[in-house]
Amino acid sequence: MSLSQHVRLARVLALAVPALLLGGAYLSQYGFGLYPCEMCWWQRWPHFAAVALALMAYAIAPVRLWTGLAALAILISGGIGLFHAGVEYGWWQGVTSCAVVTGGGTGNALDDIMNTPLVRCDEPAWTLFGISLAGFNFLISTVAGLSILALLGKDRRV
């Protein structure tokens, strides 16, 4: 049985959105020096899972199941993004640990530790119109995840 147009679009979105968000995260990290904090990493893991689940939707039946699970993973990342944005805006307390960027490997362990930057979870590395990267992840992931689920619910042929 052929896939409906809605299911095909949902499957494309389930793969494209997390892949593009991860690509943007790595571009900002390696291209612009915006290193991730601990909660930034938490937001990436569900996107990795979503990419894997969406790829399964291209290889293994039932397509709706894998696409729906990918949408749920995207929504989970969005929820973590909301929590992280709330910490950045001071709405609630976040984690007490911070991430560190690995040192340059100069051979002197003490120098590497002392020169390693600390990345705080409660200070946004970058904002646009007052919205942090975590806030954008929340907005994009929530809209995308809900859109994918809505597309899957349009018809139940497959």
Roughly how far apart are [X] [atom1] and [Y] [atom2], rounded to 0.5 Å?
X	Y	atom1	atom2	answer
Ser141	Leu146	OG	CG	10.5 Å
His84	Met39	NE2	CE	4.5 Å
Ile140	Leu133	CD1	CG	9.5 Å
Leu72	Thr67	CG	OG1	11.0 Å
Leu22	Ser77	CG	OG	8.0 Å
Leu69	Leu53	CG	CG	5.5 Å

Those residues that, when tested against [X], pass side chain to side chain contact (heavy atoms under 4.5 Å, CB included) (two or more places apart):
X	value
Trp45	Trp41, Phe48
Leu139	Ile131
Ile80	Trp42, Gln43, Pro46, Ile76

**OP:** Output every pair passing side-chain hydrogen bond (donor to acceptor under 3.5 Å, both in side chains) with a member in residues 49-63, not counting sequence neighbours, ordered by first then second residue.
**Re:**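 Residue pairs passing side-chain hydrogen bond (donor to acceptor under 3.5 Å, both in side chains), neighbours aside: none found.
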
Original post:
Is there a chain of hydrophobic side chains (I, L, V, M, F, W, Y, each step under 4.5 Å between heavy atoms) that links Phe129 to Leu82?
Top reply: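 Same cluster: Phe129 reaches Leu82 through Ile, Leu, Val, Met, Phe, Trp or Tyr contacts under 4.5 Å.
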
Original post:
Looking at Ala70 and Ala54, what are the two nearest heavy atoms and their distance?
Top reply: CB-N, 4.0 Å

Original post:
Shortest non-hydrogen contact from Thr142 to Gly78?
Top reply: OG1-CA, 4.3 Å

Mind listing the side-chain donor-acceptor pairs of residues 10-18 below 3.5 Å, one per line with the distance, residues two or more places apart or on another chain?
unit_1: Arg11; atom_1: NH1; unit_2: Ala57; atom_2: O; d: 3.3

Original post:
Are side-chain N/O atoms of Asn137 and His47 paired as donor and acceptor at under 3.5 Å?
Top reply: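 Yes, side-chain donor-acceptor contact under 3.5 Å.
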
In the structure I gave you, are the side-chain heavy atoms of [X] and [Y] within less than 4.5 Å of one another anywhere?
X	Y	value
Arg44	Pro36	yes
Gln29	Cys40	no
Leu149	Leu75	yes

Original post:
Could you give all pairs that pass the ring pair (Phe, Tyr, Trp, His ring centres under 6.0 Å) test and reach residues 11-32, with sequence neighbours left out?
Top reply: none

Original post:
Between Ser28 and Ala25, is there a donor-acceptor pair closer than 3.5 Å when you use the side chain of the first and the backbone of the second?
Top reply: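 Checked: pair present.
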
